[in-house]
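In what follows, every chain begins at residue 1, and chains take the letters A, B, ... in the order their sequences are listed. Values in this document were obtained by computation on a predicted structure and should not be read as measured data.
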Protein chains: 2
Amino acid sequence: MTVKVIQSVDRAIDILELFMASKPELSIKEISGKLELSKSTVHGIIKTLEYRGYLQQDPESLKYRLGIKLFELGNVVGNSMDIRKIASPLIRGLVEELSETVHLAVMEREEVVYVEKLEGPRTLTIYSHVGKRAPVHCTGVGKAILAYQSEEQIERMLTSGDLVAHTQHTMTDISVIREHLRTIRENGYAVDDEEIELGLKCVAAPIFDHQGNVTASISCSAPKVRADEVSFAEMVGKIMAAASEISAALGYRSPLVVNL
Amino acid sequence: MTVKVIQSVDRAIDILELFMASKPELSIKEISGKLELSKSTVHGIIKTLEYRGYLQQDPESLKYRLGIKLFELGNVVGNSMDIRKIASPLIRGLVEELSETVHLAVMEREEVVYVEKLEGPRTLTIYSHVGKRAPVHCTGVGKAILAYQSEEQIERMLTSGDLVAHTQHTMTDISVIREHLRTIRENGYAVDDEEIELGLKCVAAPIFDHQGNVTASISCSAPKVRADEVSFAEMVGKIMAAASEISAALGYRSPLVVNL
DNA sequence: CCTTTCGTTCGGCATTGTCGAACGCCGTTC
DNA sequence: GAACGGCGTTCGACAATGCCGAACGAAAGG
């Protein structure tokens with residue numbers, strides 16, 4: 001079932017997304033090369049995007065970069081996310097208590113997107129950004145969400161892309177992951193033990209919405225050396241507590257405490 | 001000089017921007033009505049945008065809202081703004097010292113866009129958001145930038161739109177504003193005294209880039225009652241100091257201290 | 001000064017997007 | 001429970017629109 005797309009709109013999006021994947025500045029030549037379109041076609045679309053403020057041209061190099069209008073629209077989206085408003089103060093508290101970086105992520109298609117990030121005082125450089133995508137199979141936030149999807153959904157999410165091994169600890173066998181997800185459901189939290197980056201350990205907990213679905217999660221990330229037994233247990237407790245508080249604020253009633 | 005625009009791309013942008021101006025959820029009917037396009041035309045464009053993640057449909061109401069992809073792209077733009085990285089820690093410091101809300105804004109077309117905002121502890125509800133536009137003629141950040149543009153630029157920016165009076169203190173006479181801008185240049189800072197919102201007073205200072213152009217500014221906003229003589233002087237001093245520190249970090253060499 | 005490279009303009013052609021009409025799926029009304 | 005109305009979706013025909021290649025112009029490099 002391929003959707004009937006408007007070609008020029010589709011191409012305009014292709015152009016915009018080129019700036020995400022590759023360099024922040026691109027010339028018409030580069031764009032037409034990468035998309036295999038004629039210069040004049042690209043020129044027309046680009047001028048439209050520029051005219052509307054979605055691209056801007058550097059007057060010196062004549063190259064283009066993303067325009068402020070995207071910043072505006074992006075913030076409209078960001079400000080309309082209820083979960084962000086609810087989670088923000090809690091995340092601030094977590095960072096203060098744990099002194100480590102905390103992430104909030106939501107599920108989007110077959111990946112997760114970080115929607116909030118607050119770095120701890122002892123900054124370790126994790127390569128993550130608000131607005132960035134991450135795979136589900138090798139991140140704490142991803143696995144915490146994945147574990148609570150339906151069987152079909154899990155199947156889809158794990159088979160849609162390649163299970164890329166980011167480190168030697170990344171699980172790439174689908175049956176191993178499925179078994180691992182069972183453990184996550186039993187524990188109520190997910191651990192990422194150097195599965196996306198060596199030396200990085202994360203604890204993540206699922207966030208339930210008012211319908212009982214999991215579409216978001218929060219995590220705490222620390223260098224493996226700092227995540228020893230004691231502080232690890234503290235991380236688990238605090239992250240899970242925060243996650244259930246956010247879930248409650250979203251209107252979720254835990255099935256365990258429902259008594260009619 | 002009207003640019004030759006690609007119609008369908010232009011319309012797709014019209015659709016996206018409808019969500020900024022009006023409600024966060026719109027039906028096809030509403031969109032086709034507002035844009036005076038046939039339902040089928042809107043349908044085609046919307047499905048393309050949805051397919052690419054720039055809109056998402058609520059499965060219940062069948063209405064559409066802006067998609068996460070815009071959040072992603074918006075953050076790419078936000079993270080690539082050098083001025084934000086430079087200014088962020090200074091803004092944090094300002095808020096701590098002044099205990100009032102601080103804004104960072106950049107010029108965009110004939111308006112300013114807030115790119116950073118940090119609220120003071122004593123939160124007064126100013127209706128401003130990161131990513132929101134504001135007029136130049138009645139805001140501190142706007143006037144601080146406007147004062148340092150070329151005569152032609154000032155002319156353009158003041159005549160492009162209506163000089164809307166937001167309060168009885170808003171300056172709407174172009175010659176009065178021009179004279180006012182001269183004062184701003186003499187002082188080195190701009191004051192907004194209840195010109196956009198009653199009871200709100202702001203101090204703003206221009207930020208110079210490496211070429212000596214002013215394309216950004218920072219401001220401190222406080223309820224007029226709290227901006228008494230003493231704290232007002234403190235606000236002016238601290239905002240100007242921060243602005244010149246940011247300017248210096250951007251590579252600006254003040255013409256007053258240049259000695260060859 | 002010639003060459004190369006890239007952005008821009010132009011015009012003809014066919015693809016593509018557009019529109020109105022019709023369909024089908026709700027929810028509502030009587 | 002049948003008829004209605006509203007809305008999203010599909011369809012088909014037409015022509016407007018966007019596409020391409022070629023040519024132009026400007027700027028940079030040798």
Can you figure out which of [options] approaches the side chain of [X] most closely?
X	options	result
B:Leu37	D:dG21, C:dC19, C:dA22	C:dC19
B:Ser38	C:dC19, D:dG18, D:dG21	C:dC19
B:Thr41	C:dC6, D:dG21, C:dC19	C:dC19
B:Lys47	D:dC19, C:dG17, D:dT9	D:dT9
B:Ser27	C:dT8, C:dG17, D:dG8	D:dG8
B:Lys39	C:dG17, C:dT8, D:dT9	D:dT9

State, yes or no, whether a side-chain contact exists between A:Leu26 and A:Tyr64 at a heavy-atom distance under 4.5 Å.
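The answer is no; the side chains never approach within 4.5 Å.
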Would you check if A:Lys143 and A:His180 make a side-chain contact, meaning some heavy-atom pair closer than 4.5 Å?
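Yes, their side chains come closer than 4.5 Å.
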When you measure from the side-chain N and O atoms of [X] to the phosphate of [N], is any distance below 4.0 Å, counting only OP1 and OP2?
X	N	answer
B:His43	D:dT9	yes
A:Arg11	D:dC19	yes
A:Ser40	C:dT8	no
A:Gln7	D:dG18	no

Rounded to the nearest angstrom, tell me the gap between atom [atom1] in [X] and atom [atom2] in [N].
X	N	atom1	atom2	value
B:Glu60	C:dC26	CD	P	14 Å
B:Leu62	D:dG6	CG	P	17 Å
A:Leu35	D:dC19	CG	C1'	15 Å
A:Ile45	C:dT8	CD1	P	14 Å
B:Leu55	D:dG8	CG	C1'	15 Å
A:Ile46	C:dT9	CD1	P	13 Å
B:Ile28	C:dC25	CD1	P	17 Å
A:Lys4	C:dG17	NZ	C1'	7 Å

Are A:Arg178 and A:Glu155 ion-paired here, with the side-chain N under 4.0 Å from a carboxylate O?
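Yes, this pair counts.
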Can B:Ile13 and A:Tyr54 be said to form a side-chain contact (heavy atoms from CB on, under 4.5 Å), step by step?
CA-CA 9 Å; B:Ile13 293 173; A:Tyr54 290 75; 3.4 Å; yes
Strictly under 6.0 Å, is that where the ring centroids of A:His210 and A:Tyr252 end up?
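Ring centres of A:Tyr252 and A:His210 not closer than 6.0 Å.
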On DNA chain C, check which nucleotide each of A:Ile6 and A:Leu26 is closest to and give me the residue with the more 5' one.
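Its nearest nucleotide lies further toward 5', so the answer is A:Leu26.
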